Amino acid sequence: MGSDNLYKRRTEERQKRKENIIRQKSSNWLIVCEGIKTEPNYFKKVIEKINEKIEDEYKLKVNIVGKGMNTTSLVKTTDLQVKIDKYSTSIVPYGKIFVVFDKDSFRSKDFDEAVKMCKDNGYIPLWSNQAIEFWFLLHFHYICSKMDRAEYAKKLNEYFKIQGLNYKYKKNDDNIYDLLLNMVH
């Protein structure tokens with residue numbers, strides 16, 4: 001009789017283990033950006049900085065692609081990118097897929113549709129108001145007032161000057177993330 005209870009208990013434990021199986025996620029990420037250089041340069045440096053503090057086996061493996069497209073066309077090209085990427089043959093090609101675009105002066109309908117398409121496809125939409133330079137400004141100060149994109153570079157240059165740097169903001173600068181990070185810390 002004792003062995004029957006032992007058998008029953010072991011069978012129940014095995015069944016519980018099967019119920020608690022965690023679905024494997026890929027450690028590969030895809031970031032598809034509206035801009036061809038500025039956004040990919042920024043995210044590349046962000047990922048490098050994150051990976052500096054992570055053991056090799058846990059480092060993020062991120063494919064960052066700049067497409068030169070916006071809103072819905074960017075989301076549509078993300079579908080194609082997933083199919084042609086080197087990870088496409090993996091069981092789980094990407095653990096996370098981010099689509100990065102600007103709010104710009106597009107019709108709200110186009111922007112809202114792009115966000116909806118991302119969510120419908122399981123992508124994570126990321127955006128800034130008008131331009132990624134707005135994100136750069138947020139490294140220094142939370143901004144909640146209306147500011148046109150034409151003012152972003154001027155405002156960034158003011159922050160550089162306050163920090164004692166003789167630097168003028170340049171679009172597509174490979175080192176903008178490092179510069180911003182060093183100024184904030």
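No experiment lies behind these values; they were computed from the predicted model shown.
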Contacts of Thr72 meeting side chain to side chain donor-acceptor pair (under 3.5 Å) (sequence neighbours excluded), chain-then-number -> none
How about Met147 and Leu137: do any of their side-chain heavy atoms sit closer than 4.5 Å? yes
Are Lys96 and Ile124 close enough, and set up right, to give a side-chain contact (heavy atoms from CB on, under 4.5 Å), and what steps lead you there? CA-CA 7 Å; Lys96 294 181 190 254; Ile124 301 165; 4.3 Å; yes
Hey, does Phe134 have a side-chain heavy atom less than 4.5 Å from the side chain of Asp102? no
Hey, mind stepping through Val75 and Asn121 against side-chain contact (heavy atoms from CB on, under 4.5 Å) and telling me if it holds? CA-CA 9 Å; Val75 179; Asn121 287 303; 4.2 Å; yes
May I have the list of side-chain donor-acceptor pairs in residues 43-57 shorter than 3.5 Å, sequence neighbours left out?
from	atom 1	to	atom 2	distance (Å)
Lys45	NZ	Asp178	OD2	3.3
Asn51	OD1	Leu60	N	2.7
Asn51	ND2	Leu60	O	3.0

Are the side chains of Leu165 and Leu179 in contact, using a 4.5 Å heavy-atom criterion? yes
Under a 3.5 Å distance rule, please check whether Ser73 uses its side chain to pair with a backbone N or O of Asn70 as donor and acceptor. yes
Can you name the side-chain contact (heavy atoms from CB on, under 4.5 Å) partners of Asp112, sequence neighbours left out? Ser108
Say whether Ile36 and Tyr177 are linked into one hydrophobic cluster, either directly or through other cluster members, by side-chain heavy-atom distances under 4.5 angstrom. no
Once salt bridge (charged side-chain N to carboxylate O under 4.0 Å, His left out) is applied, do any residues pair with Glu158, and if so which ones, sequence neighbours excluded? Lys155
How close do Tyr167 and Asn157 get, heavy atom to heavy atom, and via which atoms? O-OD1, 3.6 Å
Under the side chain to side chain donor-acceptor pair (under 3.5 Å) rule, collect the residues that match up with Tyr42, sequence neighbours excluded. His139
When rounded to the nearest 0.5 Å, the distance separating NZ of Lys67 from NZ of Lys76 is 15.0 Å
Partners meeting ring-ring contact (aromatic ring centres under 6.0 Å, His included) with Tyr169 (sequence neighbours left out): none
Which heavy atom in Gly35 sits nearest to a heavy atom in Pro40, and how many Å separate them? O-CD, 3.5 Å
Rounded to the nearest 0.5 Å, what separates atom OH in Tyr94 from atom CD in Gln81? 6.5 Å
Enter the distance from Leu126:CG to Phe101:CZ here, rounded to the nearest 0.5 Å. 8.5 Å
Would you say the side chain of Asn63 lies within less than 4.5 Å of the side chain of Asn28, judging by non-hydrogen atoms? no
Which residues satisfy the side chain to side chain donor-acceptor pair (under 3.5 Å) test with Lys116, sequence neighbours excluded? Asp120
Here the pair of heavy atoms bringing Val99 nearest to Cys118 is CB-SG, 3.8 Å
How long is the span from the OG1 atom in Thr78 to the CG atom in Leu30, to the nearest 0.5 Å? 6.5 Å
For the residue pair Glu34 and Leu74, what are the closest heavy atoms and their distance? N-CD2, 3.7 Å
Which residue pairs pass the salt bridge (Lys or Arg N to Asp or Glu O under 4.0 Å) test with at least one member in residues 163-177, sequence neighbours excluded? Glu133-Lys171
Rounded to the nearest 0.5 Å, what's the gap from CD1 on Ile64 to CD1 on Ile31? Could you check? 4.5 Å
When every non-hydrogen atom of Tyr123 is compared with those of Pro125, the smallest separation belongs to O-CD, 3.4 Å
At what distance, to the nearest 0.5 angstrom, does CG of Leu138 lie from CZ of Phe136? 11.0 Å
